[in-house]
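Scroll down for the structure; my scribbles are underneath it.
When a ligand or atom number is given, it counts from 1 through the structure's own listing order. Along the sequence shown, the residues carry numbers beginning at 1. Please read these numbers as outputs of a predicted model, since none were measured by experiment. These values consider heavy atoms only, across backbone and side chains, with no hydrogens, waters or symmetry-generated copies.
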Amino acid sequence: MAKKNLETICIQGGWNPQKGDPRVLPIFQSTTFKYDTSDQMGKLFDLEDTGYFYTRLANPTNDAVAAKICELEGGVAAMLTSSGQAANNYAVTNICEAGDHLVCSTQIYGGTFNLFGVTLQKFGIEVTFVDPDASEEELNAAFKENTKAMFGETISNPSGAVLDIEKFARVAHAHNVPLIVDNTFATPINCRPFEWGADIVTHSTTKYMDGHAMAVGGCIVDSGNFDWMAYGDKFHGLTTPDESYHGLTYAEKFGKGAFITKATAQLMRDLGSIQSPMNAFLTNIGLETLHLRMPRHCENAMKVATYLKNNDKVAWVTYAGLEGDKYHDLAKKYMPNGTCGVIAFGLKGGREESIKFMDNLEFIKIVTHVADARTCVLHPASHTHRQMSDEQLLEAGVKPDLIRLSVGIENADDIIADIEQALNKYV
Ligand SMILES: *Cc1c(COP(=O)(O)O)cnc(C)c1O
């Protein structure tokens with residue numbers, strides 16, 4: 001059958017019931033799976049046979065949802081993780097170990113900034129943060145002998161910067177390392193980074209994929225395009241025998257599936273950040289309408305961003321969908337059908353006015369969340385990015401007065417009316 005379109009994959013991908021199977025993806029709420037002989041189970045532990053044996057390593061509900069996301073991204077293999085944080089942690093530590101180095105865009109989610117800049121540093125992995133808008137020469141200068149990967153976000157949370165994926169891929173590949181792209185905000189409905197040269201994609205499925213703010217989760221997808229064997233001494237974890245798996249070599253035995261197999265067999269086995277099958281089930285319900293929700297998020301966000309832009313109480317607006325936005329041209333190239341529902345803006349009067357404005361919103365709620373069906377708002381400098389200094393905030397593109405408005409799929413006029421009444425109260 002011909003390759004399916006995204007809308008069909010959202011509905012049909014991942015679960016293909018056979019005679020008498022449940023039509024709907026079931027929740028395999030079981031830690032363990034049964035075999036007839038000891039030898040059958042032994043083969044699973046040797047990775048000689050495929051099958052389920054323990055949910056920490058693999059579970060049918062999780063696998064079906066990972067397969068759907070994999071198909072949406074156009075990858076070859078994928079795994080679910082307990083959170084987006086776990087996805088980015090595993091994506092990097094599957095190839096970087098103590099003594100290695102990572103080049104990373106400054107325009108990333110605050111949690112990822114801490115993960116790479118603080119926690120991985122403690123594990124001996126060094127990171128250099130680079131301005132994603134820097135020239136190729138400047139980006140090249142950040143690479144070292146021990147650099148193992150490059151990382152960026154398609155649309156950065158919360159600053160709304162659009163990554164020039166082709167430029168990053170060119171630079172990464174010139175240094176023989178893979179490009180990892182966190183595609184959480186764009187989702188595969190609006191951007192498929194593999195088509196532009198990214199090698200590995202990560203997601204916080206907690207956001208638009210779930211879409212209902214019900215389940216924290218993450219996903220890693222491999223394009224299968226990066227040739228680990230070609231730079232074998234750089235990626236020895238994939239290209240030399242794993243003694244904890246009877247000396248098998250992932251890149252030899254699993255070919256294009258090597259990256260995800262290693263991440264599952266080693267990292268998930270040892271670190272255990274699994275997604276619960278229940279959460280995978282909920283995420284799957286969200287995925288079934290992702291193709292309907294994303295255009296509506298974008299349409300509403302365009303209306304709200306246009307309203308804000310034309311309001312004289314508003315100091316500035318960042319939304320790549322807006323004509324004249326710094327990232328509009330990149331957005332048109334990489335996301336011609338729309339970007340996402342998240343807008344960043346600041347009010348005249350700065351930080352204090354921004355906080356007062358938020359406290360006066362009615363149905364738009366202050367929550368530590370983003371990218372779900374309900375419009376919500378957050379002040380990163382007081383909330384998600386509270387641990388960062390003003391200098392770090394600015395480096396990450398987060399102005400101290402930045403309000404992150406996540407436009408939902410309610411009626412756009414009602415969203416604007418709520419913003420307007422709150423602006424009229426204080427500003
Ligand atoms: C939220 C988010 C994460 C972290 O995901 P969790 O599911 O909250 O762990 C990573 N990257 C981006 C872009 C995010 O928005």
Side-chain angles (χ1 to χ4, degrees), residues 62 65-66 69 73 79-93 102 104-120 129 132 151-163 165 168 180-188 190-191 193 198 200-221 271-276 279-280 282-283 286-287 290 294 297 318 320 327 334-335 339-344 367-372 376-378 380 383-388 396-398 402 404-407:
N62 292 15
V65 178
I69 297 171
E73 288 286 4
M79 70 194 285
L80 294 191
T81 56
S82 55
S83 65
Q85 286 298 108
N88 284 330
N89 180 18
Y90 284 13
V92 168
T93 54
L102 170 74
C104 181
S105 165
T106 50
Q107 305 281 311
I108 53 167
Y109 174 64
T112 314
F113 188 88
N114 282 329
L115 168 66
F116 295 164
V118 179
T119 297
L120 290 192
F129 289 104
F151 186 99
E153 283 177 15
T154 316
I155 307 171
S156 66
N157 175 6
S159 56
V162 176
L163 186 71
I165 303 171
F168 261 50
I180 305 170
V181 171
D182 180 331
N183 196 32
T184 298
F185 269 18
T187 83
N190 285 340
C191 181
I200 290 149
V201 157
T202 60
H203 282 282
S204 166
T205 60
T206 317
K207 314 296 166 54
Y208 288 118
M209 286 190 171
D210 166 357
H212 302 78
M214 293 188 298
V216 173
C219 186
I220 308 173
V221 189
L271 302 173
S273 317
I274 58 150
Q275 184 161 138
S276 77
N279 275 10
L282 293 171
T283 300
L287 284 166
L290 185 65
M294 286 313 290
H297 278 291
T318 302
Y327 294 102
Y334 293 111
M335 292 163 269
T339 53
C340 67
V342 183
I343 298 170
V367 298
T368 304
H369 201 247
V370 66
D372 78 72
C376 61
V377 73
L378 183 99
H383 307 137
T384 45
H385 292 57
R386 207 178 172 86
Q387 286 84 2
M388 288 164 72
V398 182
L402 183 151
R404 184 181 71 185
L405 178 67
S406 175
V407 179

Residue, atom name and distance, where the atom is the protein heavy atom closest to atom 7 (O) of ligand 1
Thr206 OG1, 2.6 Å
Could you list which atoms of ligand 1 come closer than 4.0 Å to a heavy atom of Asn157?
14 (C), 15 (O)
Within the 4.0 Å heavy-atom shell around Gln85, which atoms of ligand 1 are there?
4 (C), 5 (O), 6 (P), 9 (O)
Does a donor on one side chain and an acceptor on the other come within less than 3.5 Å for Tyr90 and Thr81?
no
Write out the residue and atom name of the closest protein heavy atom to atom 6 (P) of ligand 1, then the distance separating them to 0.1 Å.
Gly84 N, 3.3 Å
Nearest non-hydrogen protein atom, atom 4 (C) of ligand 1:
Tyr109 CE2, 3.4 Å
Taking all non-hydrogen atoms of both residues into account, name the closest pair between Gly286 and His212 and its distance.
CA-CE1, 3.9 Å
Within the 4.0 Å heavy-atom shell around Phe185, which atoms of ligand 1 are there?
15 (O)
Looking at the rings of Phe129 and Phe116, which for Trp means the six-membered one, are their centres under 6.0 Å apart?
no
Heavy-atom closest pair, residues Ala320 and Val162
CB-CG2, 3.6 Å
Give the single entry among Asp182, Asn183, Val370 that approaches atom 12 (C) of ligand 1 most closely by any heavy atom.
Asp182
When only distance counts, is Lys207 in polar contact with ligand 1, meaning an N/O pair under 3.5 Å?
yes
Within less than 4.0 angstrom of ligand 1, does Gly217 place any heavy atom?
yes
Between NE2 of His203 and OG1 of Thr283, what distance do you get to the nearest 0.5 Å?
12.0 Å
I'd like to check Val342 versus Asn157 (side-chain heavy atoms, cut-off strictly below 4.5 Å). Are they in contact?
no
